[in-house]
Amino acid sequence: MDSFGNLTRLSVSDKTTDLTVYLSRSFLKEEEVAMIEKNKDKIAHRETIGAALKFCYIAEGKGEISFRLSQNTKEWDVAAGEIILREAGGDMLKPDGTHYEYNRVDPYNRAGYMLFNKKANFFFDK
């Protein structure tokens, strides 16, 4: 909301180069560093921020990608962030390119996930 009380719609950036990747403060894995290195021709900036902020910053257009390759988050850890990101034009996918379903018997996001502004920036299996 702006200073006049008007709502402002969030929108992801259109960038597919000179990307900003958001990294975990506590859970950065070697596989994630390797993925950044593999895509360093596109990734220009790295920032470390808290988990919930990653969704919001990408939704706001401040950055473009983030990924979590560990299996220690649960569906309730990402549900609100995912809808905010998707409403702003971004997405969250598993490494196989599919969405998580919610209300699962096993609530863990065992495959990990990637947040991104544009499908062109989906790096898994590349």
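Positions are given from 1, in the same order as the sequence printed here.
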**Prompt:** Quick check: does any side chain N or O of Asn117 sit under 3.5 Å from a backbone N or O of Val12, one acting as donor and the other as acceptor?
**Reply:** no
**Prompt:** Does Thr20 use its side chain to pair, donor to acceptor, with the backbone of Gly63 at less than 3.5 Å?
**Reply:** no
**Message:** For Asp91 versus Leu93, what's the shortest heavy-atom pair and its separation?
**Reply:** OD2-CD2, 4.0 Å
**Request:** Following the transitive rule for hydrophobic clusters with a side-chain heavy-atom cut-off under 4.5 Å over Ile, Leu, Val, Met, Phe, Trp and Tyr, establish whether Tyr113 and Ile83 coincide in one cluster.
**Result:** no
**Complete:** Between the CD atom in Glu60 and the OG atom in Ser13, the distance rounded to the nearest 0.5 Å is 11.5 Å
**Request:** Give me the other members of the hydrophobic cluster that Val105 sits in, counting Ile, Leu, Val, Met, Phe, Trp and Tyr linked by side-chain heavy atoms under 4.5 Å, directly or via other members.
**Result:** none
**Prompt:** Any idea which heavy atoms bring Leu10 and Ala59 closest together, and the distance?
**Reply:** CB-O, 3.6 Å
**Which residues share a salt bridge (charged side-chain N to carboxylate O under 4.0 Å, His left out) with Glu47, sequence neighbours left out** = none
**Message:** Tell me whether the count of non-hydrogen atoms from other residues, nucleotides or ligands lying under 6.0 Å of OH in Tyr102 goes above 12.
**Reply:** yes
**Asked** Sub-3.5 Å donor-acceptor pair from the side chain of Glu75 to the main-chain atoms of Asn103, do we have one?
**Response** yes
**Asked** Going hydrophobic residue to hydrophobic residue with side-chain gaps under 4.5 angstrom, can you get from Met114 over to Leu85?
**Response** no
**Request:** Determine yes or no for a side-chain-to-main-chain donor-acceptor pair under 3.5 angstrom, with Asn39 supplying the side chain and Asn121 the backbone.
**Result:** no
**Message:** For the backbone of Leu69 and the side chain of Glu32, can you confirm whether one donor and one acceptor N or O come within less than 3.5 Å of each other?
**Reply:** yes
**Request:** Check the hydrophobic clustering (I, L, V, M, F, W, Y; side-chain heavy atoms under 4.5 Å; chains of links allowed) and say if Phe122 and Ile43 are grouped together.
**Result:** yes
**Request:** Could you note down all residue pairs passing ring-ring contact (aromatic ring centres under 6.0 Å, His included) where residues 62-100 supplies at least one of them, sequence neighbours left out?
**Result:** none
**Residue pair Asp14, Lys118: steps toward the side chain to side chain contact (heavy atoms under 4.5 Å, CB included) verdict** = CA-CA 7 Å; Asp14 287 330; Lys118 299 289 177 196; 3.2 Å; yes
**Message:** To the nearest 0.5 Å, what is the distance between NZ on Lys40 and CZ on Arg46?
**Reply:** 9.0 Å
**Message:** Are Ile36 and Leu19 linked, directly or through intermediate hydrophobic residues, by side-chain heavy-atom contacts shorter than 4.5 Å (ILVMFWY only)?
**Reply:** yes
**Request:** Check whether Leu53 and Ile58 end up in the same hydrophobic cluster, where Ile, Leu, Val, Met, Phe, Trp and Tyr are linked by side-chain heavy atoms less than 4.5 Å apart.
**Result:** yes
**Request:** Using the side-chain hydrogen bond (donor to acceptor under 3.5 Å, both in side chains) rule, pick out the option among Lys74, Arg104, Lys94, Arg68 that qualifies with Asn109.
**Result:** Arg104
**Request:** Test Tyr22 against every option in Lys54, His45, Glu64 by the side-chain contact (heavy atoms from CB on, under 4.5 Å) rule and name the one that passes.
**Result:** Lys54
**Request:** Measure across Gly112 and Pro95 and return the closest heavy-atom pair with its distance rounded to 0.1 Å.
**Result:** O-CD, 3.6 Å
**Fill in**
Distance col, row Met92:CE vs Phe116:CZ, nearest 0.5 angstrom, shows 10.0 Å
**Set of residues satisfying salt bridge (charged side-chain N to carboxylate O under 4.0 Å, His left out) with respect to Glu82, sequence neighbours excluded** = Arg86
**Item:** Which residues share a salt bridge (charged side-chain N to carboxylate O under 4.0 Å, His left out) with Glu30, sequence neighbours left out
**Value:** none
**Prompt:** Quick one: salt bridge (charged side-chain N to carboxylate O under 4.0 Å, His left out) partners of Asp106, sequence neighbours excluded?
**Reply:** Arg110
